[in-house]
Asks: 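The structure's right below; bear with me while I get my questions together.
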Amino acid sequence: MATERYNAREVEARWQKTWNDKDVFVTDNDDPREKYYVLEMFPYPSGRIHMGHVRNYAMGDVVARFKRAKGFNVLHPMGWDAFGMPAENAAMQNKVHPKDWTYDNIAAMREQLKIMGLSLDWSREFATCDVSYYTQQQRLFLKFLESGLVYRKNAKVNWDPVDMTVLANEQVIDGRGWRSGALVEQRELTQWFFKISDYSEDLLEAIDTLDRWPDKVRLMQKNWIGRSEGLRVRFEFVSTAPTGDKTLEIFTTRPDTLFGASFMGLSPDHPISVKLAETNPDLKEFIDECRRVGTSEEAIEKAEKKGIDTGLRVKHPLDASIELPVYVANFILMDYGTGAIFACPAHDQRDLDFARKYDLPVKPVVLPKDADPASFEIGDEAFTDDGTIFNSGFLDGMTIGDAKNAVAEKLEAIQVDGTAQAERQVNYRLRDWGISRQRYWGCPIPVIHCDECGVVPEKDENLPVELPDDINFDKPGNPLDRHPTWRDTTCPNCGKPAKRETDTMDTFVDSSWYFARFTAPGHDQPTDPSAANGWLPVDQYIGGIEHAILHLLYSRFFTRAMQKVGALDLKEPFKGLFTQGMVTHETYKSADGQWLSPADIQISEDNGNRVAIEAATGAAVSIGSIEKMSKSKKNTVDPTDIIDTYGADTARWFMLSDSPPERDVIWTEDGVQGAWRFVQRVWRLISEIAENTEPRSGSLQDIDDKGLEVRRAAHKTLAAVSKDLESLGFNRAVAKLYELVNTISKAVSEGIDSSGKEYAVREAADFLVQMMAPMMPHLAEECWSALEHDNLISEASWPKADDSLLVDDTVIYPIQINGKRRGELTISKEASKEAVEAATLALDFVQKALDGNSPKKLIVVPQRIVNVVV
RNA sequence: GCGGGCGUGGUGGAACUGGUAGACACAAGGGACUUAAAAUCCCUCGGCCCUAGGCUGUACGGGUUCGAGUCCCGUCGCCCGCACCA
């Protein structure tokens, strides 16, 4: 038999052209079938795709193709997360315009994605830097502004005085700018914020409805939102504070420990601290020191608890005879609660550390179970577990929960300085989302600053506020700021000369609604509500775990905000979420410690040990640990090289084999070759079947045992693979397909000697090819065509397994004696429990084990197992 | 520190709601074909014992159960997230 070797390059290009010419993957919004929206997190156009993309898009494509075969109207779009800093960095380094750099990269990556053979609707493609996209984003911003979801306030930023730019936290390394190395300053700027905090409770509660999200991500979001219930309490100053305040307001989650209060703590940024510092040089010095430490994370972590006594005193709310000192302390955060606390050292570790340092009283008020109230003392560790309240007057004997309520009720009823002394309050860790970026390559914030009218939104008809092309990066700072004319405009309100806002939006804004835009990408409003409501939520969203918090939380907020302004009508954008693992690879280092690329290495075997040498020089190379593929460690493999050598199907198949999709996968040359051999093997098998059998021939009438065995295997595999694909268990599906290929190969090599067997083999081949199709679409089309089907497999519907073939006529029961397997029993599936028992007792080895006695117990689990207890 | 997850052959990993541990693949070893190589095909492949066969084995130590990789308690190790959140 002269079967040609499968030529992936030629075959893949051919089928891609066919799909493209026939618009097979173009989706119609008006298609009446049930919808299914599959989306992979869109890529940043860095210039080249990497293996992580291949894995991500291969998975999404399997889902898309599978659902299409199952009869859904599938939306599977692709776009580009195209704004952001790398384009500006490239502009500075290589004198290339950010726009040119970005669009060139997009063009290159689009070609790379196309050779993967993904079933994408390219007609919906857009980049977030397209004017048509950010115009609509500006429109959304203005609607949010109108609805009170956007506001301005002062906020601190990390300012690099050399680059004259704002830095993100991760760009500050040891208190210095990552690029310039200059000491970073904290500056106050007026910035734009989205009121995500309006939705704290809703975002938290709705997490419970996201039952097709990984628990891990749900938990991370819960922690991020960080809800805590507590009490806001006003402590009366013994004498009025220099700010004129008569009371000090604090937030606590432990009002039950109020009788253990030892001192009060103020954040260094608290208004009272700041006011006092004006006349107290020591305090000023202390506060300045706290701020300097503020930038380095490590310093914060290790910082000793420190403080300074303000001399101010407050009265204990439950016992006016007690006066508590007020300290400014470095461990108190201004932006949580009220920036002030009452400290109970006995039951809070931070407070205890502080109290020990300054020799303040430590009075335990919660007694551990079984402890003796007379002798219980706190050492170096605060007691934070459950217990009973003591040393606390009217609270004595209560549980912590009861005491919390009792204190709240009592203080709510007391009036201090005209208001209740306390009120219950729920606090969240989640802060509002600052979106201002002092950068060029982002979506301009469409507002105007007018001397007369203040901050004025741009008029809708004047949109877009377009980025100017004539900019340069010769000088540090934001090019929009120093552009000669771009800032100049007229006030939409009074018509007088005014200045544009030069800040642009955080790129997380761009990615917070792109999934909605895909549903009607050309629409003249941000969304077409009927299209958005029809397609959303995304049924299956797939991407990296690194976006578990910010991107997903912002998108959830945006969906709510869009609902508020009528752009669509739902709360949760992503019904199913899947976070895939990373692609990793072995690392290599030369003798002088340089990282080496896998492409420059030769591996061989020596006495069972793998040894590596540098291919060019023959120099010894040490094989290092397996790490995430990264440029810095040079352990990357270029997908394009792999696809050139083996074809897209092989790369896709390997990415889906072996490792569970949520776990990291190790890229190995051997693994790819294994996948490649499988491609060839399938092609040989299908070719042989196509040559030796006729389509739609053979008869079920004279099916024999061998044929039936093949049919059973095919139908069982179909049922299992359908289930696996439904639950994204790609590695399990792959294993089952290997098994089926083994079964069919064996059957074919034994000869197709009856029309019943011919039918079975032909059917199994069709099933095999169809099940492979979502994962290796080109090979599947080629096989499908070789099997003389006249449609495209990409348009064929998923086969249905015959339930009657899923169960065997006989069951093989493992027979255990005292829980240990000793043999097996083959018996009809229909056999009654009694029949199984009788047959078991008749077995030789059972008889032997019983040695004439009757069994103590005989357990028969139907269709499963038998256990004889002797 | 707090929260979460995970520990199965030489390797990646299977094992449904407790029911034959190691499917499938990779690597390795042996064989067939070939002048040779590649490709392909066949066999072996957790450990121990001399075989039939048996013993043992899912990080470690206990427990529940007729039966535990799976459930419970404790220990050790690794990974991830958060990190002075009052």
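Every heavy atom of this structure was used, including side-chain atoms; hydrogens, water molecules and symmetry mates were not. Bear in mind the structure is a predicted one, so any value in this text is a computation, not a measurement. All chains are named by letter (A, B, ...) in the order of the sequence lines, taking the proteins before the strands, and each is independently numbered beginning at 1.
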Asks: Ignoring hydrogens and angles, state whether a donor on the side chain of N635(A) or T587(A) is under 3.5 Å from an acceptor on the partner side chain.
Replies: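 No pair is found: no donor N or O on one side chain lies under 3.5 Å from an acceptor on the other.
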Asks: Can you tell me the pairing partner of C26(B) across any strand shown, Watson-Crick or G-U wobble, with both distances under 3.5 angstrom?
Replies: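 Because both required distances fall under 3.5 Å, C26(B) counts as paired with G10(B).
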Asks: Nearest whole angstrom, please: distance from the P of C79(B) to the CG of L219(A).
Replies: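 So the CG-P distance, L219(A) to C79(B), works out to 20 Å.
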Asks: May I ask you to check whether F354(A) and F263(A) place their ring centers less than 6.0 Å from one another?
Replies: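 Yes.
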Asks: Under 4.0 Å from OP1 or OP2 of A25(B): is there any side-chain N or O of Y738(A) that close?
Replies: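 Y738(A) to A25(B) OP1/OP2: no side-chain N or O under 4.0 Å.
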Asks: Would the number of heavy atoms belonging to other residues, nucleotides or ligands and lying under 6.0 Å from CD of E750(A) be above 12?
Replies: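 Enclosed.
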Asks: Does the side chain of R681(A) get closer than 4.0 angstrom to OP1 or OP2 of U40(B) through an N or O atom?
Replies: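 Negative; the distance criterion is not met.
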Asks: Between the base of C26(B) and the side chain of D670(A), is there a donor-acceptor distance below 3.5 Å?
Replies: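 When only heavy-atom distances are counted, D670(A) does not reach the base of C26(B) through any donor-acceptor pair under 3.5 Å.
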Asks: Measuring from the side chain of V869(A) (C-beta onward, heavy atoms only), which nucleotide among C66(B), A86(B), G13(B) has the closest atom?
Replies: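 The answer is C66(B).
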Asks: How far does the C1' atom of U17(B) sit from the matching atom of G10(B), given to the nearest Å?
Replies: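 Pairwise C1' distance, U17(B) against G10(B), rounds to 34 Å.
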Asks: Has the side chain of K216(A) got a donor or acceptor that lies under 3.5 Å from a partner of the other kind on the base of C80(B)?
Replies: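 When only heavy-atom distances are counted, K216(A) does not reach the base of C80(B) through any donor-acceptor pair under 3.5 Å.
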Asks: Hey, does the side-chain of R684(A) have a donor or acceptor N/O within less than 3.5 Å of a partner on the base of C41(B)?
Replies: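 Donor-acceptor pair under 3.5 Å: no.
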Asks: Does the cation-pi check pass for K305(A) over F331(A), that is, NZ or CZ under 6.0 Å from the six-membered ring centre and within 45° of its axis?
Replies: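 Output yes; distance and angle both within limits.
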Asks: May I have the distance from L685(A) (atom CG) to C41(B) (atom P), rounded to whole angstrom?
Replies: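 Rounded to whole Å, this separation is 11 Å.
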Asks: With a 4.0 Å limit, can you tell me whether S228(A) has a side-chain N or O closer than that to the phosphate oxygens OP1/OP2 of A86(B)?
Replies: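 True: S228(A) side-chain N/O within range (under 4.0 Å) of A86(B) OP1/OP2.
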Asks: Does A83(B) have its OP1 or OP2 closer than 4.0 Å to a side-chain nitrogen or oxygen of R429(A)?
Replies: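 The answer is yes; a side-chain N or O of R429(A) sits under 4.0 Å from OP1 or OP2.
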Asks: With a 4.0 Å cutoff (strictly under), does any side-chain N or O of R822(A) reach OP1 or OP2 of C55(B)?
Replies: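 So the side chain of R822(A) is within the cut-off, an N or O lying under 4.0 Å from OP1 or OP2 of C55(B).
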Asks: Given atom CZ of F678(A) and atom C1' of U40(B), what is their separation to the nearest angstrom?
Replies: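 Value for this atom pair: 16 Å.
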